[in-house]
Trainee: 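Take this structure first; my questions come after.
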Protein chains: 2
Amino acid sequence: MPDTANPAPMNAPSRRKFRREGEERRRQDLIEATLDSVAEHGLQGATLRTIALRAGVTAGLIRHYFPGKEELLQEAYTTLVGRMTEQAKAALVMEDASPRQRLAAFITANLNAPIIDARVFSLWATFIGRANADPALAHAHREGYLGFRNEVEAVVADVLAAERRKADASQLRHHAIAINAIIDGLWIEGCLAGEMFSPGELAAIGIRAVEAELGLAPPKHDPEP
Amino acid sequence: MPDTANPAPMNAPSRRKFRREGEERRRQDLIEATLDSVAEHGLQGATLRTIALRAGVTAGLIRHYFPGKEELLQEAYTTLVGRMTEQAKAALVMEDASPRQRLAAFITANLNAPIIDARVFSLWATFIGRANADPALAHAHREGYLGFRNEVEAVVADVLAAERRKADASQLRHHAIAINAIIDGLWIEGCLAGEMFSPGELAAIGIRAVEAELGLAPPKHDPEP
DNA sequence: AGTCTATTTATACACTTGCACAACAAGGCC
DNA sequence: GGCCTTGTTGTGCAAGTGTATAAATAGACT
């Protein structure tokens, strides 16, 4: 392979060809390339040149869309968090289903692809590892966590109401914290060592653990006639 | 402030004074300085010069003890994992206590200081975020995880035996996975947002969730006369 | 087709990084 | 005390970093 990919016949100092993409598209591509780079090489390996290469542009262009690397990373993280919470909550918008079914579906959705995903986990861990030093990161996490937990708490309240059981705010909060922990813990293991579990196993474990936490009677099997 | 901290009266090219520490001591100091640097500035900020500064030596010395930065980071991670698992398991070596008490003590120990610790969490997240790309890291995590889970499984078996309940291997495994997830999930939240929980609250939530998972009857309060 | 503008490339620059190596001195040994 | 080993420092270097800026050109508009 020649040392230049330029097919120009003469060694005229020809420039690289390029296309002008829409602004929003370019920004989106750059953010995606950033997330890819961070997931693959970590924060240290995500250099402007690496990111630009992945996005199919040259490094200088990044400065045209972002004031600096810091801001690019910040926007990339915001995008990631938004995507994660959006996906996680999407499983809750089932109409015409019993609260208990909605809860089970929520757990199942959170413990299978695409939420169980090694790349997303890498990104989450890489960024959250900086939360101590970066208050903005810590704040973003807390927002996402509390939003998630509130969703859980609402479903739990529905489930208990449907079972005609009363629970005060403190009990509700504890249930939500525990259920959140169960989902988070199983999510981590699924992402880190997915092949150690058979398909659907994590979701089954999660549902059982959550229902035990709420003191729900185990569901009946189809009774023998 | 003068641009040199050297109190030498003349500008003779005097060298910095130094002491020869024992080999093991120096290595330990360098590893500790590495962990501090990673926790504070992330992998990208943990440069040889930063680490050396923290350890009170100059950068060149690191090469005398480690073949390269890579190996230093690897040894630092090994040290970290060893310390974490050691602490976590230490709570299990209670003689003369009922299995249920040992389980509760285990959970309590894992959900309070020093295991709930923002610095350790930062380190864990930073390193584990590279597990996808680095098989050595992934392997180290899996070893630690499985070791931890086996400990949990053993205690669970004891607890169920004491309650005269039988559980097959599959049920035992599922219990261990779920309990591990509960502890992990609560550990993360405690590390990331410890001030959101009152002292002992996480442990109380964890114990309740685990006992529910195992189907243990809630402990009696002091009965009214 | 010609013009114009803002997207994109390319180059330059100051700075940092990990690593190599020569000079040096701390502390044990005689 | 004098010497010798080796732990330790200081300096140098090539590669890579983020940022700044000039030069080029794609594509819309007339």
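Below, read A as the first sequence line, B as the second, and so on, with proteins coming before strands; counting in each chain starts at 1.
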Trainee: Which part of the nucleic acid does A:E23 contact within heavy-atom distance under 4.0 Å: base, sugar-phosphate only, or nothing?
Mentor: nothing
Trainee: For D:dT8, does OP1 or OP2 lie under 4.0 Å from any side-chain N or O of B:T58?
Mentor: no
Trainee: Answer yes or no: is there a donor N or O on one side and an acceptor on the other, between the side chain of A:T78 and the main chain of A:Q74, under 3.5 Å?
Mentor: yes
Trainee: Given atom CZ of A:R16 and atom C1' of D:dA23, what is their separation to the nearest angstrom?
Mentor: 17 Å
Trainee: On a plain distance test, is the side chain of A:R49 in donor-acceptor contact with the base of D:dG18 below 3.5 Å?
Mentor: yes
Trainee: Students often get this wrong, so: under 4.0 angstrom with heavy atoms, is B:R20 touching a base, only sugar-phosphate, or nothing?
Mentor: base
Trainee: If you assign each of B:P67 and B:K17 to its closest nucleotide in DNA chain C, which residue comes earlier from the 5' end?
Mentor: B:P67
Trainee: Which residue, A:K69 or B:G56, contacts DNA chain D at a nucleotide closer to its 5' end, judged by nearest heavy atom?
Mentor: B:G56
Trainee: Between D:dA28 atom C1' and A:E21 atom CD, what is the distance in whole Å?
Mentor: 16 Å
Trainee: Please report, rounded to the nearest Å, how far the C1' atom of D:dG16 is from the CG atom of A:L53.
Mentor: 15 Å
Trainee: Could you tell me whether A:R25 and A:E23 have a side-chain N and a carboxylate O separated by less than 4.0 Å?
Mentor: no
Trainee: Can you tell me how far P of C:dA12 sits from CZ of A:R63, to the nearest Å?
Mentor: 19 Å
Trainee: Tell me whether the side-chain N/O atoms of B:Y65 come closer than 4.0 Å to OP1 or OP2 in D:dG7.
Mentor: no
Trainee: Applying side-chain hydrogen bond (donor to acceptor under 3.5 Å, both in side chains), name anything that partners A:R119, two or more places apart in sequence or on another chain.
Mentor: A:E32, A:D36
Trainee: Atom CD of B:Q44 and atom C1' of D:dG18: how far apart are they, to the nearest Å?
Mentor: 12 Å
Trainee: How many whole angstroms separate atom CG of B:L48 from atom P of D:dT11?
Mentor: 18 Å
Trainee: Nearest whole Å is fine: how far is D:dT17 P from A:L73 CG?
Mentor: 14 Å
Trainee: What is the ring orientation for A:F148 with A:F106, classed by angle as parallel under 30°, tilted 30 to 60°, or perpendicular over 60°?
Mentor: tilted
Trainee: With hydrogens left out and only the distance checked, is there a donor-acceptor pair under 3.5 Å joining A:R15's side chain and the base of C:dT9?
Mentor: yes
Trainee: CG of B:L61 versus C1' of C:dC19: gap in Å, rounded?
Mentor: 14 Å
Trainee: Identify the two heavy atoms, one from B:L30 and one from B:A55, that lie closest to each other, and give their separation to 0.1 Å.
Mentor: CD2-CB, 3.8 Å
Trainee: Does B:R130 qualify as a cation-pi partner of B:Y77, given the criterion of NZ or CZ under 6.0 Å from the six-membered ring centre and within 45 degrees of its axis?
Mentor: no
Trainee: Check whether any side-chain nitrogen or oxygen of B:H64 sits under 4.0 Å from OP1 or OP2 of D:dG7, and answer yes or no.
Mentor: yes
Trainee: Set out, line by line, the N/O atom pairs under 3.5 Å between protein and nucleotides 28-30 of chain C.
Mentor:
none

Trainee: So that I can tick it off, tell me whether B:E201 and A:R173 are bridged by a salt bridge, with the cut-off set at under 4.0 angstrom between side-chain N and carboxylate O.
Mentor: yes
Trainee: With the side chain counted from C-beta on, respond yes when B:L214 and B:L103 share a heavy-atom pair under 4.5 Å apart, and no when they do not.
Mentor: yes
Trainee: Output yes when at least one side-chain N/O atom of A:R26 is less than 4.0 Å from OP1 or OP2 of C:dT8, else no.
Mentor: yes
